[in-house]
Amino acid sequence: MRKNLVKEKIQQGKTVLGPIMGFNAPILAEIFAYAGFDFVVFDAEHGPLSVETCENLVRTAEAAGISPILRCNLNVPQDILRYVDTGAVGIHIPQINTAQDALTAVRSVKFHPMGQRGLAGTRAHFYGLQGPLSEQVKISNQESMIIGHIENIQGVRNLPELLAVDGIDVYFLGTSDLSHSMGIPAQFDHPDLQAVVAKAMKDITAAGKKVGNIARNGEEGKKYVDMGSSYIIVGAAGLIMNGAKQFLQKARA
């Protein structure tokens, strides 16, 4: 497995930023790399991306010099295995609501003694052609990164037990599904949602853990940076749309 620069930056106390895209557009991965983002997330939960497509997008990101991270669709060992075997340095795992959910995520991504991930000479381990596979196991456990989604009010209420599970690198607050579980779907400025997010961020950081957020614009991104977020994503489609609108507004003014 390749060195995980995103994980290294987070461990150094830095904030990393990257777009998330659910469509097969290698050129965009390259553009985001040249723009200076730290990582790009390929979303296989919301959208048509297959495991094979994700693997090719991971190749593109690596070639462009940006860290590839995947978002899988289920917290199921056999499903997670296929995505981590593509060579992505990190993986988003949905619906971490209980300690058992957190344990399942960790055991699915990590090898013995940290987990129970299936072992083979896949692309993630250079097809078993660069050094002993036993050494790749150690490197993978060290470099792989788990972003666990806290995206249900149940997960927020169970935060103390989730934070007690070792192995999750970032506790990501997914406000879309979280707002839905609170009965206020997509009301991102609702004071109840804002209060839940602020308290959860405070609790996560107080426990010595790293918190992640989704920002819908640069101002919101800066807000989360100031609140102590270590990992911030932004929707790729939104970035393109906002840039297009700004161009048209200024050109037609």
Side-chain angles (χ1 to χ4, degrees), residues 16-23 39-49 54 69-77 79-80 83-84 88 90-106 108-109 145-163 165 167-205 207 209-217 220-221 223-224 227-239 241:
V16 295
L17 301 100
I20 181 169
M21 49 187 274
F23 34 84
F39 63 90
V40 56
V41 180
F42 303 116
D43 186 357
E45 182 182 14
H46 296 284
L49 296 184
C54 285
I69 294 174
L70 296 181
R71 178 176 175 176
C72 70
N73 58 338
L74 294 168
N75 186 12
V76 174
D79 188 73
I80 292 170
Y83 288 101
V84 292
I91 184 158
H92 282 246
I93 299 179
Q95 295 294 337
I96 304 298
N97 297 318
T98 66
Q100 185 57 55
D101 292 338
L103 285 168
T104 297
V106 174
S108 300
V109 175
M145 182 174 168
I146 301 172
I147 302 100
H149 277 229
I150 312 299
E151 52 186 346
N152 188 290
I153 194 63
Q154 180 189 7
V156 174
R157 291 169 181 155
N158 290 335
L159 256 183
E161 64 182 73
L162 303 184
L163 293 168
V165 176
I168 293 182
D169 299 281
V170 175
Y171 291 82
F172 184 86
L173 297 169
T175 48
S176 291
D177 283 339
L178 179 57
S179 66
H180 193 264
S181 73
M182 294 174 62
I184 47 173
Q187 297 182 44
F188 302 118
D189 293 326
H190 195 288
D192 290 348
L193 178 64
Q194 292 289 314
V196 165
V197 169
K199 186 178 186 306
M201 291 183 70
K202 182 179 179 180
D203 292 344
I204 293 167
T205 54
K209 309 289 186 176
K210 304 299 184 181
V211 64
N213 300 89
I214 181 168
R216 289 163 179 83
N217 52 58
E220 191 173 29
K223 180 188 78 171
Y224 285 133
M227 291 173 69
S229 183
S230 297
Y231 179 95
I232 297 173
I233 66 172
V234 58
L239 283 174
M241 179 65 76

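Only this structure's heavy atoms are used, side chains among them; waters, hydrogens and symmetry mates stay out.
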Any side-chain heavy-atom pair of [X] and [Y] under 4.5 Å:
X: Phe23; Y: Pro48; value: no
X: Ser176; Y: Phe188; value: yes
X: Ile93; Y: Thr104; value: no
X: Ser181; Y: Gln154; value: no
X: Leu159; Y: Ile204; value: yes
X: Met182; Y: Asp192; value: yes
X: Pro94; Y: Glu151; value: yes
X: Tyr231; Y: Asn213; value: no

Check this for me: [X], atom [atom1], are more than 12 non-hydrogen atoms of other residues, nucleotides or ligands nearer than 6.0 Å?
X: His180; atom1: NE2; value: no
X: Lys199; atom1: NZ; value: no
X: Met241; atom1: CE; value: no

Minimum heavy-atom separation for [X] and [Y], please, with both atom names.
X: Val165; Y: Tyr171; value: O-OH, 3.5 Å
X: Ser230; Y: Lys210; value: OG-CD, 3.4 Å
X: Ala186; Y: Ser179; value: N-OG, 2.9 Å
X: Ile69; Y: Ile91; value: CG2-N, 4.0 Å
X: Ile96; Y: Ala105; value: CD1-CB, 4.1 Å
X: Met21; Y: Leu49; value: O-CD1, 4.0 Å

Just how far is it from atom [atom1] of [X] to atom [atom2] of [Y], taken to the nearest 0.5 Å?
X: Asn158; Y: Leu163; atom1: CG; atom2: CG; result: 10.5 Å
X: Leu70; Y: Ile80; atom1: CG; atom2: CD1; result: 11.5 Å
X: Asp203; Y: Met201; atom1: CG; atom2: CE; result: 11.0 Å
X: Ile168; Y: His149; atom1: CD1; atom2: NE2; result: 11.0 Å
X: Arg157; Y: Asn152; atom1: CZ; atom2: CG; result: 8.5 Å
X: Ile233; Y: Ile214; atom1: CD1; atom2: CD1; result: 4.5 Å

### Message
We want to know whether Asn97 and Gln95 form a side-chain donor-acceptor pair, criterion being a heavy-atom distance below 3.5 angstrom.
### Response
yes

### Message
Can a side-chain donor-acceptor contact be found between Asp101 and Thr98 if the only test is distance below 3.5 angstrom?
### Response
yes

### Message
For the residue pair Arg71 and Phe42, would you count it as a cation-pi contact if the rule is NZ or CZ under 6.0 angstrom from the ring centre and within 45 degrees of the ring axis?
### Response
no

### Task
Please state whether the rings of His92 and Phe172 are parallel, tilted or perpendicular, taking 30° and 60° as the class boundaries.
perpendicular

### Task
Identify which one of Leu17, Val197, Val211 satisfies the side chain to side chain contact (heavy atoms under 4.5 Å, CB included) criterion when paired with Tyr224.
Val197

#### Entry: Verdict with reasoning, Leu178 to Val196, per side-chain contact (heavy atoms from CB on, under 4.5 Å)
CA-CA 9 Å; Leu178 179 57; Val196 165; 4.1 Å; yes

### Task
Using atom types as modelled and distance alone, determine if a side-chain donor or acceptor of Glu220 lies under 3.5 Å from a backbone N or O of Arg216.
yes

